[in-house]
Amino acid sequence: MTLSYADHPALQGDFEPARYDASLYDCEVIGEIPAALNGTFYRACAEWFYPPRYPDDSPFAADGMITAFRIGDGSCDYAARFIETPRYLANKAARRQLFGYYRNPFTHEPPMQGQYNKADTVSNTNVIFFAGRLLALKEDAPPMEIDPDTLETKGFFDFGGDYKAPTFSAHPKVDGRTGEMITFGYEAEGLATNAIWIYTIDAGGKVTSERKLSAPYLSMVHDIAISQNYILIPVYGMVSSMERLREGKVHWGWDTTLPSHIGVLPRHGDASDIRWFDGPAMAMVHTFAASDEGGVITLDAAVSDGNPFPFFPDVHGKPFDPAGARTTIRRYVIDMNASGGGWREERMWQDKPGALSRIDERFMGHRFRHGLLSFSDETKPFSGDMGSRRPTNSLGRFDFATGEVEAMFAGPEFGLQEIAFAPRSPDAPEADGWVMALGTNYETMKSELLIGDTANLAAGPVARVRLPFRAPQQVHGNWVPAWSRGA
Ligand code: V55
Ligand code: FE
């Protein structure tokens, strides 16, 4: 049996699989890690332990890994570990990839054929610390609990059986003041169903409500937003059906002909209180956050007009359009007092593509002013080679009130992953603290964690934590302050 990645053009260079667990005490640091920075930067990563069964499969089906940068007293220790999902363990036992296309159980090798949810999830999308537990998330299955210290896999977690949906979003929202989680599962009544089940879970981990919705049509619901009074649910033309799954296709296809929708559910209302607003085709894969006042909701998000994912083909056979995939920051204004069912769209920051959008999460569900993002500043030099692609090279703090951005350029050798934000103290002003992101140094092809201070982003990184190898590819990650773990 051969095991090789050579036939997989997408798994070369920076994307060559990092197949190892790792543990590294006291990393090399250039500059100085701020003495007051105390906590752990957890990253959820996607790495093919065995190559995909189909070379054109989506990277979303790569195995989940968790990495941890533990920072305190100016030092940093590093650890990385594969998540032991049932799929990862079955593949290891068979010494090959038993599973077919992303979220298509009809394409799995017998005896895995037809098995999905807990059987074929890769738990690779996000990692959060909530109610005393570290949870790795993937939107096609329940959370996977991970030991926050050893990174060992503990198993699926369903909040004592009170979380009933078979799926759980990778982007739950936690109210920055109350600590309440608003989360959901979609395809909640089985594969290719348009059921979305919304849950609230209190800060102690107790499920406090369940609401069952039907979307206008089945689409990827990767992220939602919460404001003070509402839950916002975007639905857009990333579609699926049992028919396409039976035909042996990758789960999602893009359909430009469909209108998009935003569902508005009162945070404390019933499922029947949902109102669906409609607009032209767009893809709102990720949101920054939302806020409302006097019944007028503003929802800020990085949005594209067309298909953002080249590996999810157009259902009408149109070729992939890179221009349509470009995300820009937009504000959606929804007036709950108006009788109409539309929204007003304002385009806010148009010249910097690839924005990975976050806010200071202490302000989630409340009035906020700043976005925090990784982006590609195409005016800056790049000393590496990515072919026609341009690297994500900057971390920014965007001011929604003025439209201004302050930015930290990582340096010409770096390609960055998603930003994480560490508040300076529990009650520091909004977006005041440190930003960080993992980067590949294209001169060494090794990874570095770059840390900047929001007080002077233009000065560049204050510390570079250098790993003697390339770390796995991040999807999403979060800074978990020591104070939030009661440490
Ligand atoms: C996304 C990512 C996923 C997934 C579904 O970025 C949507 C969107 C990394 O996995 O499974
Ligand atoms: Fe995401």
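Ligands are counted one by one from 1 in listed order, and the atoms in each one are counted from 1 as well. Numbering of residues begins at 1 and proceeds along the displayed sequence.
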| query | Which of parallel (below 30°), tilted (30 to 60°) and perpendicular (above 60°) describes F309 and F60? | reply | perpendicular
| message | With a 6.0 Å cut-off on the ring centroids, do F368 and F400 count as close? | response | yes
| task | Determine whether more than 12 heavy atoms belonging to other residues, nucleotides or ligands lie under 6.0 Å from atom CZ of R367. | result | yes
| Protein heavy-atom partner closest to atom 10 (O) of ligand 1 - residue, atom, separation in Å | K138 NZ, 2.9 Å
| said: So if I count the atoms of ligand 1 from 1 in the order they appear, which ones are less than 4.0 Å from some heavy atom of V475? | reply: 9 (C)
| Angle class for the Y78/F469 ring planes (parallel below 30°, perpendicular above 60°, tilted otherwise)? | tilted
| task | Could you tell me the angle subtended at the Fe ion (ligand 2) by NE2 of H222 and NE2 of H286, rounded to 10°? | result | 100°
| task | Considering only non-hydrogen protein atoms, determine which one is nearest to atom 4 (C) of ligand 1 and report residue, atom name and distance to 0.1 Å. | result | Y102 OH, 3.2 Å
| message | Using 30° and 60° as the class boundaries, would you call the ring planes of H286 and H171 parallel, tilted or perpendicular? | response | perpendicular
| field | Y102 and D140: side chain donor to acceptor below 3.5 Å | value | no
| request: Of the side chain and backbone of M220, name the one, both, or neither that has a heavy atom under 4.0 Å from an atom of ligand 1. | output: side chain
| task | Please work out whether any backbone atom (N, CA, C, O) or any side-chain heavy atom from C-beta onward of D140 is under 4.0 Å from ligand 1, and answer side chain, backbone, both or neither. | result | neither
| note | The atoms of ligand 1 lying under 4.0 Å from a heavy atom of F309, numbered in the order shown, are 6 (O), 8 (C)
| note | Within 4.0 Å of some non-hydrogen atom of N124, the atoms of ligand 1 are 9 (C), 10 (O)
| salt bridge (Lys or Arg N to Asp or Glu O under 4.0 Å), paired with R369, selected from D300, D360, D399 | D399
| said: How far is atom 7 (C) of ligand 1 from the closest protein heavy atom, and which atom is that? | reply: H222 ND1, 3.2 Å
